[in-house]
Amino acid sequence: MKERIDVMTRIVIDYSPVHELVTSLFAYSDKKNQLHDLGNKWRKQVEKHLPDSFDDRLDELDLCDTISYLHLLILDSPAKHDITAFLEWLGGLGEGQIYEMLSPYLEDGIGMGLKAFRDRSLDILNTWQQACLISEEILNTLKISATRIEELSQTFSYTDLIDEATNGVVLDLEEDLEFILLIPAYHIKPLNRIDMMSDKLLVISYAADEQPPDKDTPTTQMLRMIKSLADEKRLILLHILADGPVTFTELQQKTKLSKSNLHYHLSLLKTAGLLRMHLKKQGEREKFSARPESFAALRDMLESYVFGLNKDQ
């Protein structure tokens, strides 16, 4: 875990197999989203090792509303570097202990109650860990990503740090946040999961997309960028977005695209890192703009791959 204190903002960069176990569970539950790199093939493989009752039990946990509380418990757990040890630790926590750990972050509490939250989390995670392996290779990818972001945190502002980690998420907030938790994630890549839990607290699971250099193989990120540009509608969107941040509604009015079609094209541009998503405070609509430095980065990647790394000297 790496912690940095800004003048107003505490930033923590944290990775562990337990964080990734929870993130992989979210990726499994996000079945309607077709943008995960692992896709339905991975999900079907995992389902073979799950009981028929699993999805119904998972619904009871209400993961979308509780996942960030799980991450916050993991952050402060002395057992977070071992999944089995963490689950034993979680099972031994009383309601009072959970409340004490989460009280700085709780505004309205957890609807199901702390006891049900603990028991349902334990039930699901105990089953899930037997179906989904968090390999050493995955953990090494997370470590590399966390180390890179830690190094950048020494010189970047937190807004620039989040932009870099998430490949284009920008915080346009009127007031500084008090606490930001950044968690590198493998199973949801190339997506990010962003939870503005309050006006003061932000939990981000960002796609750890680091790849070892290979002189003969283009990187996944470079391929995403090239493919996202190979469409007239997306080029038109980038042309519009180059003039500055606009809302989804404004984009729809300018392009005449349907909501679903526009959402699809924006999603591809976001995962390619070619646009920025500007986040305001809770309840306000996000805006989008082009990300100019990504085009320079793509040029450098192409030149390096075509004329450099893949050529025998």
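Below, all heavy atoms of this structure are taken into account, side chains as well, without hydrogens, waters or symmetry copies.
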Answer yes when R193 and D30 have at least one side-chain N-carboxylate O distance shorter than 4.0 Å, and no when they do not. no
Do D172 and R276 meet the salt-bridge criterion of a basic N to acidic O distance under 4.0 Å? no
For residues H187 and E20, is any side-chain donor paired with an opposing acceptor at under 3.5 Å? yes
Interatomic spacing from NZ in K270 to CG in L35 - rounded to 0.5 Å: 9.0 Å
When clusters are formed by joining ILVMFWY residues with side-chain heavy atoms under 4.5 Å apart, either directly or through shared neighbours, do M101 and L122 land in the same one? yes
With a 4.0 Å cut-off on N to O distance, would you call R120 and D62 a salt bridge? no
Taking everything shown except K227 itself, do over 12 heavy atoms lie less than 6.0 Å from its NZ? no
Any side-chain donor paired with an acceptor under 3.5 Å for S145 and Y206? yes
Any Lys/Arg nitrogen of D243 or K254 sitting under 4.0 Å from an Asp/Glu carboxylate oxygen of the other? no
Can you pull out every ring pair (Phe, Tyr, Trp, His ring centres under 6.0 Å) where at least one residue sits in residues 88-120? Sequence neighbours excluded, please. F86-W89, Y105-F179
Around E136, counting heavy atoms of other residues, nucleotides and ligands shown, do more than 12 lie under 6.0 Å from its CD? no
Tell me, which pairs form a ring pair (Phe, Tyr, Trp, His ring centres under 6.0 Å) where one or both residues lie in residues 226-246, sequence neighbours left out? none
V246, I236: one ILVMFWY side-chain cluster at the under-4.5 Å cut-off? yes
Considering only NZ, NE, NH1 and NH2 on the basic side and carboxylate oxygens on the acidic side, decide whether E164 and R148 come within less than 4.0 Å. yes
